[in-house]
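Reading through the structure tokens given below for one structure.
Everything quoted here is computed from the prediction, not taken from an experiment.
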Amino acid sequence: QVQLVESGGGLVQAGGSLRLSCAASGRTFNSYAMGWFRQAPGKEREFVAAINWSGDRTYYTDSVKGRFTISRDNAKNAMYLQMSSLKPEDTAVYYCAADGNWRTKLAVLTTEYNYWGQGTQVTVSS
């Protein structure tokens, strides 16, 4: 089992940057693929980015490509989301998630992830 805790959210102006962190408990962190999702008010939770267990494969939703970077440090049981050139439409609660299933492709659906953090609020002002 993995417990996940996000941090690093906050209020930032459009064009600014934030770095989100996801701290994981448990000794098997490096056996999980990881993902970031976000949920804006009144909208469904949507996929943002994913990374495989070793960190050498990543995948992004089109709207964040070139602006966000997902990474992980297995020695620290941590995952990160570096966000730059932020836009007001990036405003949402951001969640990290762990996928303990073996797959040929990185998971992009909420139902494919086994564990979730509590979320951290990101607000981008115009």
(request) Could you verify whether a donor N or O on one side chain and an acceptor N or O on the other, from Gln121 and Thr123, lie under 3.5 Å apart? (result)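 Yes - a donor-acceptor pair under 3.5 Å links their side chains.
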Applying a strict under-4.5 Å side-chain criterion to I, L, V, M, F, W and Y, I'd like to know whether [X] and [Y] cluster together.
X: Tyr95; Y: Leu4; value: no
X: Tyr115; Y: Val93; value: no
X: Val12; Y: Met83; value: yes
X: Tyr80; Y: Ile70; value: no
X: Val108; Y: Phe68; value: no

Going from [atom1] on [X] to [atom2] on [Y], what distance comes out if it is rounded to the nearest 0.5 angstrom?
X: Leu106; Y: Tyr59; atom1: CG; atom2: OH; answer: 9.5 Å
X: Phe47; Y: Glu112; atom1: CZ; atom2: CD; answer: 9.5 Å
X: Glu6; Y: Trp116; atom1: CD; atom2: CH2; answer: 9.5 Å
X: Thr120; Y: Leu18; atom1: OG1; atom2: CG; answer: 9.0 Å
X: Asn77; Y: Arg72; atom1: CG; atom2: CZ; answer: 9.0 Å
X: Asp99; Y: Asn52; atom1: CG; atom2: CG; answer: 11.0 Å

(request) Take Met79 and Ile51, measure what side-chain contact (heavy atoms from CB on, under 4.5 Å) needs, and give me the verdict at the end. (result) CA-CA 9 Å; Met79 178 182 65; Ile51 189 166; 4.1 Å; yes
(message) Around atom CD of Gln118, are there more than 12 heavy atoms from other residues, nucleotides or ligands closer than 6.0 Å?
(response)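 Check passes, neighbour count above 12.
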(request) Using a strict 4.0 Å threshold on nitrogen-to-oxygen distance, state whether Lys65 and Asp62 make a salt bridge. (result)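 Yes.
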(request) May I ask you to decide if the ring planes of Tyr113 and Phe37 are parallel, tilted or perpendicular, using 30° and 60° as cut-offs? (result)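 Plane angle over 60°, so perpendicular.
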